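Everything on this sheet refers to the single structure shown next.
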Amino acid sequence: MHPEWKTICNDFIQATSYAVGDLEKGWAAEYDFSKAPPTYLRYEEAIVHIPLGNPDFPEAPALWELLNNRRTKRNFTNVPLSLNELNLLLWGTQGITANMDGYQLRTTPSAGALYPIETYLLVNNVVGLEKGLYHLDVERWTLEWLKLEDVAQVAYLFTEEQEMTRRAAVNFVWTAVVGRTEDKYNERAYRYIWWDAGHVSQNLHTVGNGLGLGVATIGHWFDKNMNEYLGIDGSSHLSVLMASVGKTTGKGWKHDRRPT
């Protein structure tokens, strides 16, 4: 624990708080997207680029039923996810749904439609994909295969030995490219990136539960190690949230919520 964490957190809140009259221009002022930092991250040097195409959308449960029954489930089995199931999870969290005068809209909201959140995947058990580290190229809707290795142990170690991460079919790692939001919102960006991550993770829970999958968000991970593993600097581009996904078993979410 950082010895001055309370002071630092309070300083952050004060530094990113506004009152009437503090700003010469409102932070909702018109933004020139043509001068914005790049919206999309791409790894041209990836081992393989895997086009995902449009997902096959199954019949979904009614919205109110889905929300009423949403639960965090983490008692994962060894049954793999299909590539279409993974595609649906990705589309539900990052899919482009419309074009608007030089920028795109997605399935999740984002402050100023700037979309700082990137998706990396630690793939353990998905039909048609080798185990390894992948990145989602949102614009091309392609998976970029970055590392060929068994990533189950990586996820396990970097989450301080949370067993669900070793058993999950996929561990999502969301990162934020701060400059995309900071270019418009300045210091306020450091609030907005966390809100954006929350929107994305909630959609993962909703889509995952709609598909009958278990989803568990992870707030406890060693971000310094994860940033290094992903090859990002931890400052201008940093990991912000994780989640485990997979097929589950058990007697029910109450009984299975603390598996051994």
Side-chain angles (χ1 to χ4, degrees), residues 55 66 69-94 107-108 117-136 143 145-147 149-176 194 196-227 229-230 238-260:
L66 176 59
N69 295 326
R70 192 222 58 78
R71 295 292 183 269
T72 295
K73 298 179 181 179
R74 55 172 67 84
N75 196 15
F76 299 121
T77 71
N78 291 325
V79 178
L81 292 187
S82 70
L83 187 57
N84 187 61
E85 286 172 322
L86 179 58
N87 197 4
L88 287 164
L89 294 169
L90 292 170
W91 184 87
T93 56
Q94 293 278 275
T107 50
T108 50
I117 304 302
E118 293 289 330
T119 301
Y120 293 82
L121 302 172
L122 303 176
V123 173
N124 294 330
N125 197 7
V126 177
V127 175
L129 295 181
E130 298 289 339
K131 294 183 178 183
L133 172 66
Y134 294 77
H135 170 260
L136 176 65
L143 284 181
W145 187 10
L146 304 181
K147 294 183 181 181
E149 59 188 2
D150 188 343
V151 292
Q153 193 66 13
V154 173
Y156 182 65
L157 291 175
F158 289 177
T159 57
E160 200 171 15
E161 301 180 353
Q162 295 184 57
E163 185 63 28
M164 67 176 178
T165 63
R166 185 157 58 180
R167 297 182 181 183
V170 180
N171 288 291
F172 282 66
V173 183
W174 292 299
T175 67
W194 306 111
D196 277 20
H199 295 314
V200 170
S201 66
Q202 179 61 39
N203 271 32
L204 184 74
H205 274 271
T206 303
V207 174
N209 280 207
L211 293 171
L213 304 175
V215 181
T217 310
I218 305 166
H220 184 97
W221 80 98
F222 296 124
D223 46 343
K224 291 182 179 179
N225 299 93
M226 184 61 74
N227 294 336
Y229 182 74
L230 298 179
L238 65 155
S239 57
V240 292
L241 196 59
M242 290 184 61
S244 295
V245 183
K247 304 287 179 71
T248 59
T249 188
K251 299 179 180 179
W253 70 272
K254 285 185 177 180
H255 182 273
D256 302 319
R257 68 186 187 278
R258 293 291 182 270
T260 58

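These numbers come from the heavy atoms of this one structure, side chains and all, not from hydrogens, waters or symmetry mates. Given the structure is predicted, the values throughout are model-derived calculations rather than measurements. Each residue takes its place number in the sequence, starting with 1.
Note that CG of Asn209 is 8.5 Å distant from CG of Asn69, once rounded to the nearest 0.5 Å. Separation of atoms CD1 (Ile218) and CD (Glu160) is listed at 12.5 Å; rounding is to 0.5 Å. Here CZ of Arg70 is found 7.5 Å from OG1 of Thr206. Values are rounded to the nearest 0.5 Å. The line from CG of Asn171 to CE of Met226 is 8.0 Å long, rounded to the nearest 0.5 Å. Here Leu230 contributes atom CG and Lys147 contributes atom NZ; the two are 7.5 Å apart, rounded to the nearest 0.5 Å. Residue Asp150 holds its CG atom at 10.5 Å from CG of Leu122, rounded to the nearest 0.5 Å.
Among residues two or more places apart in sequence or in another chain, the side-chain contact (heavy atoms from CB on, under 4.5 Å) test is passed with Val207 by Leu89, Leu211. Contacts of Thr119 classified as side-chain contact (heavy atoms from CB on, under 4.5 Å), with partners at least two apart in sequence or in another chain: Leu90, Gln94, Leu121, Leu136, Phe172, Trp174. For the side-chain hydrogen bond (donor to acceptor under 3.5 Å, both in side chains) test, residues two or more places apart in sequence or in another chain that qualify with Thr159 are Thr165. Partners of Thr93 according to the side-chain hydrogen bond (donor to acceptor under 3.5 Å, both in side chains) rule, which considers only residues two or more places apart in sequence or in another chain, do not exist here. With sequence neighbours excluded, the residues that form a side-chain contact (heavy atoms from CB on, under 4.5 Å) with Val127 are Pro80. Taking the side-chain contact (heavy atoms from CB on, under 4.5 Å) definition, one finds that Asn225 meets it with Phe158, Phe222, sequence neighbours left out. Take Ser239 and apply the side-chain hydrogen bond (donor to acceptor under 3.5 Å, both in side chains) test, not counting sequence neighbours, and it matches Trp221, Asn227. When the side-chain hydrogen bond (donor to acceptor under 3.5 Å, both in side chains) test is applied to Thr217, the partners found at least two apart in sequence or on another chain are His205.
Closest heavy-atom contact between Gly92 and Thr108: O-CG2, 4.0 Å. When all heavy atoms of Leu81 and Ala169 are compared, the pair lying nearest together is CG-CB, 3.7 Å. Taking both residues in full, the closest heavy atoms of Leu204 and Ala243 are given as CD2-CB, 3.6 Å, listed atom of the first, atom of the second, then distance. Smallest separation of non-hydrogen atoms from Gly132 and Trp145: CA-NE1, 4.3 Å. Scanning all heavy atoms of the two residues, the minimum distance from Phe76 to Thr248 falls at CD2-CG2, 3.7 Å. Between Val123 and Val151, the shortest heavy-atom contact is O-CG2, 3.4 Å.
Sequence neighbours left out, not one pair with a member in residues 196-220 passes salt bridge (Lys or Arg N to Asp or Glu O under 4.0 Å). Within the structure, salt bridge (Lys or Arg N to Asp or Glu O under 4.0 Å) pairs that include any residue of residues 201-217 do not occur (at least two apart or interchain). Screening residues 79-90 for side chain to side chain donor-acceptor pair (under 3.5 Å) gives Ser82-Glu85, Asn87-Trp141 as the qualifying pairs, with residues at least two apart or on separate chains. Each side chain to side chain donor-acceptor pair (under 3.5 Å) pair with one or both residues in residues 120-134, not counting sequence neighbours, appears once here: Tyr43-Tyr120.
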Worked verdict on Lys247 versus Leu213 for side chain to side chain contact (heavy atoms under 4.5 Å, CB included): CA-CA 5 Å; Lys247 304 287 179 71; Leu213 304 175; 3.4 Å; yes
Criterion side chain to side chain contact (heavy atoms under 4.5 Å, CB included) on Val170 and Val126, from CA distance to verdict: CA-CA 8 Å; Val170 180; Val126 177; 3.4 Å; yes
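Both tests pass for Arg166 against the ring of Tyr156: distance under 6.0 Å to the centre and angle within 45° of the axis.
No side-chain N or O of Thr249 forms a donor-acceptor pair with one of Asn75 less than 3.5 Å apart.
You'll find the side chain of Arg74 stays beyond 4.5 Å of the side chain of Gln162, heavy atoms only. Considering only heavy atoms from C-beta on, His199 stays 4.5 Å or farther from Ile117 through its side chain. Annotation: side chain of His135 is not in contact with side chain of Leu143 (no heavy-atom distance under 4.5 Å).
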